[in-house]
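Because the structure is predicted, anything quoted here is derived from the model rather than measured.
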Amino acid sequence: MTSDTRDVVDELLRRMAEGDHERTAELFAESIDWQLSWPEEGHPAVPWIRSRSGRDEVADHFRSLEDHHVTELNGTRVTHILVDGAHAVVLGEIAQTVRASGTAYTSPFALHLTVEDGLITRYHIYEDSLTVTRALSTGTDPED
């Protein structure tokens, strides 16, 4: 089970890095436990942050995220992948540049995945939502 989980996680990260949103979505189960570390109401400057529950919504999430960032300037890196049976935790740092303003930001992240029968059934991501919101809503350096 652990090697299967690791294989799915590696493939997810590869497809995400390639920007292959439709093929990324194929790795998810029809029904997903999807959670982002944001207030339930989200934020208008960050439209990709919203509740999702199924495979059909996954590609839209990644497309929306891409629409708001300069893909060529993405410096997101993974530092650790921990696997325990069906569960995996991916740790790293998000490094993005906002398309509309050119504002660059970074945020540590943790991604908790669960893989069952070769498909992702849980996608919980934890990041510094305040930094992301500031970068997308003010157009200023989130470190200021």
[atom2] on [Y] to [atom1] on [X], rounded to 0.5 Å:
{"X": "Y105", "Y": "T97", "atom1": "OH", "atom2": "OG1", "answer": "8.5 Å"}
{"X": "R15", "Y": "L27", "atom1": "CZ", "atom2": "CG", "answer": "4.0 Å"}
{"X": "I32", "Y": "H124", "atom1": "CD1", "atom2": "NE2", "answer": "10.5 Å"}
{"X": "T71", "Y": "Q96", "atom1": "OG1", "atom2": "CD", "answer": "8.0 Å"}
{"X": "H61", "Y": "T24", "atom1": "NE2", "atom2": "OG1", "answer": "10.5 Å"}
{"X": "L65", "Y": "R63", "atom1": "CG", "atom2": "CZ", "answer": "12.0 Å"}

Identify the two heavy atoms, one from [X] and one from [Y], that lie closest to each other, and give their separation to 0.1 Å.
{"X": "A88", "Y": "V83", "answer": "CB-CG2, 4.2 Å"}
{"X": "T106", "Y": "A95", "answer": "CG2-CB, 4.0 Å"}
{"X": "V98", "Y": "A135", "answer": "CG2-O, 3.6 Å"}
{"X": "A25", "Y": "A59", "answer": "CB-N, 3.9 Å"}
{"X": "S101", "Y": "T103", "answer": "OG-OG1, 2.8 Å"}
{"X": "R122", "Y": "I120", "answer": "O-CG2, 3.2 Å"}

Shared hydrophobic cluster for [X] and [Y] (ILVMFWY, side-chain gaps under 4.5 Å):
{"X": "F62", "Y": "Y126", "value": "no"}
{"X": "M16", "Y": "L119", "value": "no"}
{"X": "L113", "Y": "F109", "value": "yes"}

Candidate list L91, V90, V89, test side-chain contact (heavy atoms from CB on, under 4.5 Å), partner H80, passing option: L91
Hydrophobic cluster partners of L73 (side-chain heavy atoms under 4.5 Å): V70
Taking C-beta and beyond as the side chain, do [X] and [Y] meet within less than 4.5 Å on heavy atoms?
{"X": "L130", "Y": "D128", "value": "yes"}
{"X": "D33", "Y": "T121", "value": "no"}
{"X": "F28", "Y": "E57", "value": "no"}

Ring geometry between H112 and H87 (parallel below 30°, tilted from 30 to 60°, perpendicular above 60°): tilted
Side chain to side chain contact (heavy atoms under 4.5 Å, CB included) between E26 and E11, worked out: CA-CA 11 Å; E26 292 172 1; E11 185 63 15; over 6 Å; no
Salt bridge E66-R99, side-chain N to carboxylate O under 4.0 Å: no
Residues in side-chain contact (heavy atoms from CB on, under 4.5 Å) contact with D10, at least two apart in sequence or another chain: R6, I81
Any donor-acceptor pair under 3.5 Å from T114 side chain to A86 backbone: no
